[in-house]
Trainee: 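I have a structure I would like to understand better, so I am pasting it below and will then ask my questions one at a time.
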Amino acid sequence: MYIHLQYNSRNSLKKVNTSSFSMKTKFNFAQLLIQWSIENPRTLPWIAEKNPYKVWVSEIMLQQTRVETVLPYFEKFIKAFPTIQSLAVATESQIFKRWEGLGYYSRARNMHFTAKYIVNELNGNFPNNRAALLKLKGIGRYTSAAIASFCYDENVAALDGNGIRILSRVFGIAENPWTLSGVTYFEKQAAAILPKNQAALFNQALMDFGSKICLPKNPHCQDCPFSFACKANREDRIAEFPIKKTKIELRKRHFHYFVIQDQKNNFWIHKRVENDIWKGLHEFYLIETTKKNLSKRVVQQIFGKLNSALNPEIILNFSQKLSHQHIFTYFYAVKPIEKAVQADFFLVKQENLKKFAFPKSILVFLENFIRL
DNA sequence: AAAGCGGGGGT
DNA sequence: ACCCCAGCTTT
């Protein structure tokens, strides 16, 4: 059966039966979607925003991050760095501090790089088309399309997780969106149904619809304007679309943090510089183990020669399940040490700790044990 | 193609 | 416990 969607005179739907279901419904899908979005408006700081700098900031923050999480960060970030010039001249540490707790910190580093590039090499002119945007560090297929459509009305579909989910279900697209060929196929299909000169509206509608109706689990098909045409719904195969990412085994890591001060109660900290989690953030002296237990011999080896006291006791436990690692963090108190335990460590006064960016686990420790 | 990268909210 | 979020970069 071919479903053709059209509005009747009362602007409600009726079905027209034909021979087979196909992307021929594209025009109707898009208009129906836009109609839904007009009836279900959403107010967010970046919606209808045309300033490419602000849209860029919002899109980078929203990568793999929920809207509710981003909102306070976005407001503070824009207040701290109102223009791309202000971001370009900021220090990385200032930027990281505004990103603290948001996760995926390479996003902040890439933004800084790109801000400097645009200001210094492009005279501050933000690239104004998808192809040029795609070349910028930190901007990929989705984000380039989003900025191009929202700011410059380029006719390009921006497919994030929402778009993939909706299209795969409604049109029964079985391609694997987590492969390059798969996402290319989805983009091709989206381009075919994208209404001319309404890309911004369409892309925004797709994401709003994905967040309110076509949810990953338990979608609200009863409120969905195309549920009668949706292949996944009609065939009762919603759970099969889209293809799921193959889940990875969480690497377990045990972080033993030694909170070391000097006799004046300054704290020894350093910046993580390795290509590892939390690169660019700060931390206390760390001994990492693959298993829970930290041998006393190792502690002796490190702290013994520093003439420090042992019998460190765990003063706080913290467990974090990240998307790719399960990190157990333990904090130990030790007696003061006057000499850096490692060359890159430096002393910070207690009241200045808040100027540095830390991972969440250390923030929790500081909030509970150190008055800032 | 696969791995690595945060943190949190919903079910 | 599991899913996945307005994904991208590196290997």
Side-chain angles (χ1 to χ4, degrees), chain A residues 42 44-47 49 55-74 96 99-111 113-114 133-150 157-166 176-184 186-187 200 202-212 214-219 238-239 242-251 253 272 274-281 318-327 329 357-364:
Chain A
R42 201 176 179 193
L44 293 169
W46 46 83
I47 285 186
E49 177 63 62
V55 172
W56 174 53
V57 171
S58 71
E59 291 300 343
I60 300 296
M61 285 189 169
L62 287 161
Q63 288 169 1
Q64 293 291 282
T65 310
R66 290 191 157 68
V67 167
E68 295 70 28
T69 306
V70 166
L71 281 171
Y73 282 89
F74 178 76
F96 269 127
W99 209 273
E100 183 184 61
L102 193 54
Y104 287 142
Y105 298 94
S106 64
R107 293 183 293 177
R109 186 165 39 252
N110 289 334
M111 280 192 81
F113 179 94
T114 295
L133 289 161
L134 196 47
K135 294 178 182 168
L136 299 175
K137 211 182 275 283
I139 295 184
R141 302 173 81 95
Y142 162 74
T143 305
S144 58
I147 298 174
S149 62
F150 292 146
L159 287 186
D160 67 338
N162 292 299
I164 295 289
R165 192 170 60 250
I166 296 165
N176 185 344
W178 312 114
T179 65
L180 181 60
S181 63
V183 73
T184 304
F186 271 87
E187 285 182 350
F202 178 84
N203 289 337
Q204 187 61 53
L206 211 47
M207 293 187 275
D208 294 349
F209 189 76
S211 74
K212 282 187 183 161
C214 199
L215 306 174
K217 280 197 272 189
N218 306 324
I238 292 167
I243 291 179
K244 295 189 197 324
K245 255 188 251 190
T246 54
K247 56 182 170 192
I248 56 166
E249 182 120 0
L250 262 60
R251 175 160 68 125
R253 304 175 75 175
R272 291 175 67 87
E274 308 301 318
N275 284 325
D276 191 3
I277 191 170
W278 304 322
K279 181 181 179 183
L281 303 192
F318 192 76
S319 167
Q320 286 173 288
K321 255 195 173 129
L322 310 180
S323 56
H324 50 297
Q325 299 182 16
H326 189 172
I327 300 182
T329 303
F358 296 99
K360 189 68 181 175
S361 53
I362 295 190
L363 289 176
V364 169

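Order of the sequence lines fixes the chain letters, A, B, ..., with proteins taken first and strands second; residue numbering starts at 1 for each chain.
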Trainee: Hey, can you tell me if Tyr105(A) and Phe96(A) have their rings parallel, tilted or perpendicular (30° and 60° cut-offs)?
Mentor: tilted
Trainee: Is the phosphate of dG10(B) approached by Arg66(A) (side-chain N or O, under 4.0 Å from OP1 or OP2)?
Mentor: no
Trainee: Of all the nucleotides listed (dA6(C), dG7(C), dG6(B)), which has the minimum atom distance to the side chain of Lys245(A)?
Mentor: dG7(C)
Trainee: Lys244(A) has an atom NZ; how far is it from atom C1' of dA2(B), in whole Å?
Mentor: 20 Å
Trainee: Could you tell me whether a side-chain N or O of Thr114(A) sits under 3.5 Å from a main-chain N or O of Lys137(A), the two making a donor and an acceptor?
Mentor: yes
Trainee: Checking all strands, does Arg109(A) fall into the base, sugar-phosphate, or nothing category for heavy-atom contacts under 4.0 angstrom?
Mentor: nothing
Trainee: Mind calculating the distance between CD (Gln325(A)) and C1' (dG8(B)) to the nearest angstrom?
Mentor: 16 Å
Trainee: Taking only side-chain N and O atoms of Thr143(A), does any of them lie within less than 4.0 angstrom of OP1 or OP2 on dC8(C)?
Mentor: yes
Trainee: For Lys217(A), which contact category applies under a 4.0 Å heavy-atom criterion: base, sugar-phosphate, or nothing?
Mentor: base
Trainee: Ignoring the backbone of Thr179(A), work out which of dA1(B), dA6(C), dG6(B) is nearest its side chain.
Mentor: dA1(B)
Trainee: If you assign each of Ile47(A) and Ile139(A) to its closest nucleotide in DNA chain C, which residue comes earlier from the 5' end?
Mentor: Ile47(A)
Trainee: With a non-hydrogen cut-off below 4.0 angstrom, is Leu322(A) in contact with a base, only sugar-phosphate, or nothing?
Mentor: base
Trainee: Whether the side chain of Ser211(A) engages the backbone of Phe209(A) through a donor-acceptor N/O pair (distance < 3.5 Å, no angle test) should be reported.
Mentor: no
Trainee: Can you check the Tyr105(A) OH to dG7(C) P distance for me, whole Å?
Mentor: 17 Å
Trainee: With P as the reference atom in both, quote the distance from dT11(C) to dG6(B) in angstrom, rounded to an integer.
Mentor: 15 Å
Trainee: Looking at dG6(B), which nucleotide sits across from it as a Watson-Crick or G-U wobble partner, both distances under 3.5 angstrom, or is there none?
Mentor: none
Trainee: Whether the side chain of Gln325(A) engages the backbone of Arg251(A) through a donor-acceptor N/O pair (distance < 3.5 Å, no angle test) should be reported.
Mentor: no
Trainee: Mark yes or no for a side-chain to base donor-acceptor pair under 3.5 Å between Thr69(A) and dG7(B), with no hydrogen or angle criteria applied.
Mentor: no
Trainee: Would you mind reading off the distance between Leu215(A) atom CG and dC2(C) atom P, rounded to a whole angstrom?
Mentor: 22 Å
Trainee: Does Gly101(A) reach a base, just sugar-phosphate, or nothing at all? Heavy atoms under 4.0 Å.
Mentor: sugar-phosphate
Trainee: Assign Trp278(A) to base, sugar-phosphate, or nothing according to its heavy-atom contacts below 4.0 angstrom with the strands shown.
Mentor: sugar-phosphate
Trainee: Hey, does Leu102(A) reach any base, or is it just sugar-phosphate, or nothing, if we go heavy atoms under 4.0 Å?
Mentor: base
Trainee: OP1 or OP2 of dG7(C) less than 4.0 angstrom from a side-chain nitrogen or oxygen of Gln64(A), does that happen here?
Mentor: yes
Trainee: Nearest of dC4(C), dC8(C), dG8(B) to any side-chain atom of Gln63(A)?
Mentor: dC8(C)
Trainee: Using a cut-off of strictly less than 4.0 Å, decide whether Lys247(A) has a side-chain nitrogen or oxygen near OP1 or OP2 of dC4(C).
Mentor: no
Trainee: When you look at NZ of Lys279(A), are more than 12 heavy atoms from neighbouring residues, nucleotides or ligands closer to it than 6.0 Å?
Mentor: yes
Trainee: Please give, in whole Å, the distance from dA3(B) P to Ile277(A) CD1?
Mentor: 17 Å
Trainee: DNA chain B: Leu180(A) or Lys321(A), which has the more 5' nearest nucleotide?
Mentor: Leu180(A)
Trainee: Kindly determine whether Leu322(A) and Leu250(A) satisfy side chain to side chain contact (heavy atoms under 4.5 Å, CB included), including the steps that lead there.
Mentor: CA-CA 8 Å; Leu322(A) 310 180; Leu250(A) 262 60; over 6 Å; no
Trainee: Which part of the nucleic acid, if any, lies within reach of Thr65(A) when heavy atoms closer than 4.0 Å are counted: base, sugar-phosphate only, or nothing?
Mentor: base
Trainee: Using atom P of each nucleotide, how far apart are dA6(C) and dG4(B) to the nearest Å?
Mentor: 25 Å
Trainee: Can you tell me how far P of dA3(B) sits from CH2 of Trp178(A), to the nearest Å?
Mentor: 15 Å
Trainee: Could you tell me if Ser58(A) and Glu49(A) have a donor-acceptor pair between their side chains, going purely by distance under 3.5 Å?
Mentor: no
Trainee: Is the distance from OP1 or OP2 of dG7(B) to the nearest side-chain N or O of Gln320(A) less than 4.0 Å?
Mentor: yes
Trainee: Base, sugar-phosphate alone, or nothing: which one does Asn203(A) contact when heavy atoms must sit under 4.0 Å apart?
Mentor: nothing
Trainee: Describe the nucleic acid contact of Ile164(A) in one word from base, sugar-phosphate, nothing, applying a heavy-atom distance below 4.0 Å.
Mentor: nothing
Trainee: Can you tell which of dC5(B), dA1(B), dT9(C) lies closest to the side chain of Arg251(A)?
Mentor: dC5(B)
Trainee: Give a yes/no on whether any side-chain N or O of Tyr104(A) is located under 4.0 angstrom from OP1 or OP2 of dT9(C).
Mentor: no
Trainee: Arg107(A) has an atom CZ; how far is it from atom P of dT10(C), in whole Å?
Mentor: 15 Å
Trainee: Using whole Å, what does the distance between atom P of nucleotide dT9(C) and atom NZ of Lys279(A) come to?
Mentor: 14 Å
Trainee: Within the structure shown, what part of the strands sits under 4.0 Å from Val67(A) by heavy-atom distance: base, sugar-phosphate, or nothing?
Mentor: base
Trainee: Any donor-acceptor pair under 3.5 Å linking the side chain of Arg107(A) with the backbone of Gly138(A)?
Mentor: no
